[in-house]
Colleague: 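First, the structure itself, so that you have it in front of you.
Just follow the structure's listing: the first ligand is 1, and inside any ligand the first atom is 1. The basis for the numbers below is simple: all heavy atoms, side chains too, and nothing from hydrogens, waters or symmetry mates. For this chain, numbers begin at 1 and follow the sequence in order.
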Amino acid sequence: MSSERLAVVVLAAGLGTRMKSERPKVLHAIAGKPMLRWVLDAAEALTPEKIVIVVGPGQEAVAAAAAPHASVVQQERLGTANAVEAARTELEGWHGIQGRGDVLVLYGDVPFVSPETLRAMLALRRHPDGGEMIALGFEPADPHGYGRLILDGHGNVIGICEQSEIDADPQKSAHGAIGLCNGGTLLADGEVLFAMLERVGNDNAKGEYYLTDVFELANHNARRTQVYVAPEEEVMGINDRADLAAAERVAQERLRRKAMLEGATLIGAETVFLREDTVLGPDTVVHPHVVFGPGVTVARGCEIKSFSHLEGCTLAEGAVVGPYARLRPGAEIGVGAKVGNFVEVKNARLEPGAKANHLSYLGDAEVGAEANIGAGTITCNYDGFAKHRTQIGAGAFVGSNSALVAPVRIGAGAIVGAGSTITEDVADDALAVARGAQTQVEGGARRFRQSRSSEE
Ligand code: UD1
Ligand code: CA
């Protein structure tokens, strides 16, 4: 019997010792998103009635990251079967384990299982003669370390043999040759699963309660078990930082591919780093070595040149940025506007056609349409206590190396002479120069040189 009801249990109580980190393993980020979030996103895509996260003692941060989903604490890390058992009370109020729903178990350190794969497992389970328990299998290039799936002639999973058992028990060493491995994800009739869990023992090499034992037990109880095979990259487990870097490669590869299929050109795609929420419009060109932080939206036809770093910003159509530009949160670059090398923009808006081409800091500012910001211009937005705004009108021209001390307004069409320190508002169409007047002493240089050489 199968039903449409579904609860998900995510196991995240492991110590993650091999990460050698103060931070719980499942909170390490892949493409800027915590590993646990990847798993929860896949789970949420199935719209289950309930999601329960199993955390270890003291892992409040993991529980907080999983909120509003319920979490339970596995008091002692006695193994994956014991971890699922820890969720029993949380699920008891739910109909599932009285036989009216399915339970999907996901491992918090297996981040890339896709909703499509999970749906395929559900379809197998819900097929009229589908199994009561479905394992997610995969065929890794190197099966060492994974549990091996033992099948009978009808495709039933009659047991899963852990690597530790293969290593410890000569009678099981032949299982080492099996290439089909356990991905960790399991889908089962809730009642069957929890009945089998009661019978799992810990008489094995590690002295742990292995979740994987439920397959052999289910078979002994004449329950039908099956396997759904997924691609390896969906099932990769993260155990150490090298695995984390491998996962980052997989995630970036997917994000780059998606961006390119949506019409952006990534020159040297393997050197461009994206976030899941990065939006690149069609015909936008991203040059090599550009890094996107969270919250970047780029319209069509923009160009982002090498070594630029962008986060929390928007680029309107045809904007050109970099090389070596830094766009920080709140930067809004208007249609056809230009931000050149070594220019930092924060919480500032450049209207269409405005240009800041070299060596500037524009913070808490508005720059009007077609205004030109000369090299080295700085908006002095912070007085040590508060931030103040700088407004620059349309068509204004700010000469090189000017300091605009906010709050201050430069009028539309105004010109600021190079090297000015502007502390007062400048009227529309006015010319403002605020620097020491130049003096000149005729022949002064010559006399200086002569006085020096006569001293020798
Ligand atoms: C597990 C599987 C193995 C499978 C592999 C896939 C078991 C016994 N083995 O091995 O068949 O090939 O995953 O990656 O399940 N956890 C708890 N509480 C515990 C122990 C573990 O919550 O007491 C959690 C961990 O946080 C982790 C997951 O369960 O998210 C898997 O545990 P881990 O120790 O990494 O199992 P593997 O040795 O990788
Ligand atoms: Ca693991």
Colleague: Going by side chain to side chain donor-acceptor pair (under 3.5 Å), His388 matches just one of Thr379, Asp383, Asp364. Which one?
Modeller: Asp383
Colleague: Please verify whether a non-hydrogen atom of Leu78 lies at under 4.0 Å from ligand 1.
Modeller: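 Leu78: in contact with ligand 1 (<4.0 Å).
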Colleague: So if I count the atoms of ligand 1 from 1 in the order they appear, which ones are less than 4.0 Å from some heavy atom of Glu162?
Modeller: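 Counting from 1, the qualifying ligand atoms are 2 (C), 3 (C), 7 (C), 8 (C), 9 (N), 11 (O).
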Colleague: What atoms of ligand 1 come within less than 4.0 Å of a heavy atom belonging to Gly183?
Modeller: 6 (C)
Colleague: Counting both backbone and side chain atoms, is some N or O of Tyr146 under 3.5 Å from an N or O of ligand 1?
Modeller: no
Colleague: May I ask you to check whether over 12 heavy atoms, not counting those of Arg77, lie within 6.0 Å of atom CZ?
Modeller: yes
Colleague: Using 30° and 60° as the class boundaries, would you call the ring planes of Phe112 and Trp38 parallel, tilted or perpendicular?
Modeller: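 Taking Trp38 first and then Phe112, their aromatic rings stand perpendicular (interplane angle over 60°).
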Colleague: Take atom CZ in Arg241; do more than 12 heavy atoms of anything else shown fall under 6.0 Å from it?
Modeller: yes
Colleague: Is Glu208 touching ligand 1 with its side chain, its backbone, both, or neither, if touching means heavy atoms under 4.0 Å apart?
Modeller: neither
Colleague: With a cut-off of 3.0 Å, does Asn239 place any N/O/S atom under that distance from the Ca ion (ligand 2)?
Modeller: yes
Colleague: Under 4.0 Å, heavy-atom basis, I'd like to know which part of Cys181 is in contact with ligand 1: side chain, backbone, both or neither.
Modeller: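 Neither part.
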Colleague: Where does the angle between the aromatic ring planes of Phe138 and Tyr146 fall among parallel (under 30°), tilted (30 to 60°) and perpendicular (over 60°)?
Modeller: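 Perpendicular.
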Colleague: Does Leu11 approach ligand 1 within less than 4.0 angstrom via side chain, backbone, both or neither, non-hydrogen atoms only?
Modeller: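 Both backbone and side chain.
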Colleague: Are any of the N/O atoms on Thr212, whether in the backbone or the side chain, positioned under 3.5 angstrom from an N/O atom of ligand 1?
Modeller: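 Between Thr212 and ligand 1 (N or O atoms, distance only) the closest approach is not under 3.5 Å.
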Colleague: Looking only at distance, does Gly14 have an N or O less than 3.5 Å from an N or O of ligand 1?
Modeller: yes
Colleague: Can you sort out which atoms of ligand 1 are near Ala83, meaning under 4.0 Å from one of its heavy atoms?
Modeller: 17 (C), 18 (N), 22 (O)
Colleague: Please determine whether any non-hydrogen atom of Asn82 lies less than 4.0 Å from an atom of ligand 1.
Modeller: no
